[in-house]
Amino acid sequence: MKIIGTGSVIPKKVVTNDMLSEFLDTSDAWIYPRTGIKCRHVISDEKLEDLAIEAAKKALDDAGMKAGELDFIICSNVVNEYVTPSLSCIIQGGIGATCPCIDINCACAGFIYALDMAESYSKAGKVKNVLIVCAEEPTRMTSWKDRNVCVLFGDGAGAAVLTEGDNIKGTRLSAASATDKLYQIRTLEPTPYITKEETSIPMQMKGQDVFKFAVKASSGDIRHLLEELGMTPDDVDKFLLHQANIRIINAIRDQLGQPEEKFPHNVENHGNSSSASCPILLDECNKKGLLKKGDILALSAFGAGFISGAAVLEW
Ligand code: UT7
């Protein structure tokens, strides 16, 4: 397939590090040097599904495609207000599409997994035009009393429209179960038969373990995929990495031995927006004219699960 349109929408409420230090024992002096984050956009009076629908419409406009031409919608999302129906069904109605749709939960790596699915469905001859929307609200998963976690995240939606083509050169998916390193637990409705004790736990993270996993998994996925394709990191024009922490991005860059200018980033303005992070960055680079036709892009993301993946494509 090939990506022919991108779109993104971020919430209007900007929360700076200084604003966080008004109610948390934290500071810009701690957050910025350790993460590269200056501010994040947080959902206030918006609804996540509205951001998702708007991002989808922008991507369709960019692609010059009508919603009725879509064959499949894949929505990557960890949590939203609805348990059911799926967010992809809500997006389908919001944009006026009629095609089948599916939600996936691959945490921060959702865009890579969605690209792999789209490419696989296309190769199987089942679809021609696919819409991917990654819409995430991680700021509702964390405790805003926990400085270890809440300072890292921001909300948003990013979308891409794909059609037939041979621009996706390859994808690689990985997973390594590590359920105690990054998780959130919510309780479900009680039944008369539930006897065990249940408690909701906001997002918990062993930051340094996640950091080490992220660097190893992402640089490994990119290297292995490039090798499979008979390419080296030198052949890549831009690395679009999951925006979790600038130090993680820099460590991956060191592992790959590549120059700074090949790694566009926006973590300073968005924080970690889970699976929306990669398509938001892709859209920003696209709209700023940073991507030239024929550029080789390597995308990579990692997150809870642990799950990670990489994709190499020609722009
Ligand atoms: O999509 C994947 C999602 N997650 C990630 O990508 C996170 C990966 N991990 C990281 O980015 C880093 O590990 C963090 C940014 C989370 C932490 O950075 P670090 O350099 O590993 O910090 P640290 O663990 O060395 O420092 C922790 C210390 C603790 O204090 P003590 O116990 O050493 O006295 C924390 O209480 O820093 C303290 N701390 C803070 N202090 C001020 C933790 N968060 C904060 C905070 N403000 N926001």
Side-chain angles (χ1 to χ4, degrees), residues 15-40 42 76-79 105-113 134-156 158 174-184 202-221 240-255 263 265-268 270-281 299-310:
V15 178
T16 63
N17 295 341
D18 287 341
M19 288 161 76
L20 292 175
S21 60
E22 286 167 16
F23 61 90
L24 269 178
D25 182 15
T26 191
S27 61
D28 182 63
W30 190 95
I31 299 171
Y32 183 62
R34 276 188 183 70
T35 67
I37 301 168
K38 289 182 186 153
C39 63
R40 69 287 291 144
V42 176
S76 163
N77 168 259
V78 176
V79 72
N105 177 346
C106 303
C108 304
F111 188 58
I112 310 294
Y113 273 64
C134 301
E136 303 280 15
E137 200 174 359
T139 64
R140 299 292 295 276
M141 299 169 64
T142 66
S143 160
W144 281 70
K145 291 181 180 155
D146 183 358
R147 65 179 185 175
N148 287 294
V149 185
C150 73
V151 306
L152 303 173
F153 293 92
D155 305 322
S174 310
S177 183
T179 51
D180 62 332
K181 307 287 190 204
L182 180 49
Y183 64 93
Q184 181 197 356
M203 198 197 296
Q204 305 291 306
M205 187 177 63
K206 296 199 170 110
Q208 293 190 358
D209 291 340
V210 179
F211 194 113
K212 285 177 204 150
F213 160 76
V215 176
K216 197 168 168 222
S218 199
S219 53
D221 286 335
L240 303 185
L241 305 186
H242 175 45
Q243 302 289 298
N245 183 329
I246 195 73
R247 287 164 52 217
I248 295 179
I249 296 168
N250 290 340
I252 296 168
R253 175 162 65 74
D254 283 350
Q255 293 278 324
F263 291 74
H265 53 84
N266 61 16
V267 66
E268 53 278 12
H270 295 290
N272 179 346
S273 55
S274 189
S275 72
S277 152
C278 270
I280 291 174
L281 181 65
L299 281 68
S300 177
F302 47 82
F306 290 135
I307 294 182
S308 68

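The first residue of the sequence shown is numbered 1, and numbering continues consecutively from there. Whatever order the structure lists ligands and atoms in, that order sets their numbers, starting from 1.
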| note | One finds that the ligand 1 atoms under 4.0 Å from a non-hydrogen atom of Arg247 are 18 (O), 20 (O)
| request: Tell me which protein heavy atom sits closest to atom 5 (C) of ligand 1, plus the residue, atom name and distance to 0.1 Å. | output: Val210 CG1, 3.7 Å
| task | Do me a favour and list the nearest non-hydrogen protein atom to atom 43 (C) of ligand 1 with residue, atom name and distance? | result | Asn148 OD1, 3.1 Å
| query | Under a 4.5 Å cut-off applied to non-hydrogen side-chain atoms, are Met205 and Asn148 in contact? | reply | no
| query | Is the shortest distance from atom 37 (O) of ligand 1 to a protein heavy atom below 4.0 Å? | reply | yes
| said: I want to check something: taking the side chain as every heavy atom from C-beta on, are Asp180 and Lys206 in contact at a cut-off of under 4.5 Å? | reply: yes
| So, for atom 14 (C) of ligand 1, does the protein have a heavy atom nearer than 4.0 Å? | no
| When only distance counts, is Cys108 in polar contact with ligand 1, meaning an N/O pair under 3.5 Å? | no
| For ligand 1, which atoms have a heavy atom of Phe302 less than 4.0 angstrom away? | 1 (O)
| field | Heavy-atom nearest neighbour in the protein, as seen from atom 8 (C) of ligand 1, with distance rounded to 0.1 Å | value | Gly207 O, 3.5 Å
| request: Taking all non-hydrogen atoms of both residues into account, name the closest pair between Ala107 and Ser275 and its distance. | output: O-CB, 3.2 Å
| message | Applying side-chain hydrogen bond (donor to acceptor under 3.5 Å, both in side chains) to Asp221 and Ser300, what does each step give before you reach the verdict? | response | CA-CA 8 Å; Asp221 286 335; Ser300 177; 5.0 Å; no
| task | Please work out whether any backbone atom (N, CA, C, O) or any side-chain heavy atom from C-beta onward of Leu24 is under 4.0 Å from ligand 1, and answer side chain, backbone, both or neither. | result | neither
| field | Over 12 non-hydrogen atoms of neighbours within 6.0 angstrom of CZ in Arg253 | value | yes
| query | Under a 4.5 Å cut-off applied to non-hydrogen side-chain atoms, are Val151 and Ile37 in contact? | reply | no
| remark: for atom 17 (C) of ligand 1, nearest protein heavy atom and its distance come out as Trp30 CH2, 3.9 Å
| note | To the nearest 0.5 Å, atom SG of Cys134 lies from atom CG of Asn77 at 9.5 Å
| query | Does the side chain of Asp155 reach to within under 4.5 Å of the side chain of Pro138, using non-hydrogen atoms? | reply | yes
| field | Atoms of ligand 1 close to Arg34 [distance to a heavy atom under 4.0 angstrom, numbered from 1] | value | 18 (O), 20 (O), 22 (O)
| query | Looking at atom 29 (C) of ligand 1, is any protein heavy atom nearer than 4.0 Å to it? | reply | no
| task | Quick one: sort the His242 and Phe302 rings into parallel, tilted or perpendicular, breaks at 30° and 60°. | result | perpendicular
| query | Is atom 48 (N) of ligand 1 close to the protein, meaning a heavy atom under 4.0 Å from it? | reply | yes
| Top protein contact for atom 6 (O) of ligand 1, by heavy-atom distance | Ala244 CB, 3.3 Å
| query | Tell me, which protein residue and heavy-atom name are nearest atom 24 (O) of ligand 1, and how many Å apart are they? | reply | Gln208 NE2, 3.0 Å
| remark: When distances are taken from atom 3 (C) of ligand 1, the protein heavy atom at minimum range is Asn272 ND2, 3.4 Å
| What protein heavy atom sits nearest atom 4 (N) of ligand 1, and how far off is it? | Met205 SD, 3.2 Å
| message | Is there a polar contact, in the sense of an N or O pair closer than 3.5 Å, between Thr26 and ligand 1? | response | yes
| Pairwise side-chain contact, Phe263 with Asn250, heavy-atom cut-off 4.5 Å (strictly under) | no
| query | Got a sec: does the NZ of Lys181 have more than 12 other heavy atoms crowding it under 6.0 Å? | reply | yes
| said: Side chain, backbone, both or neither: which applies to Asn245 and ligand 1 if a contact is any heavy-atom pair less than 4.0 Å apart? | reply: side chain
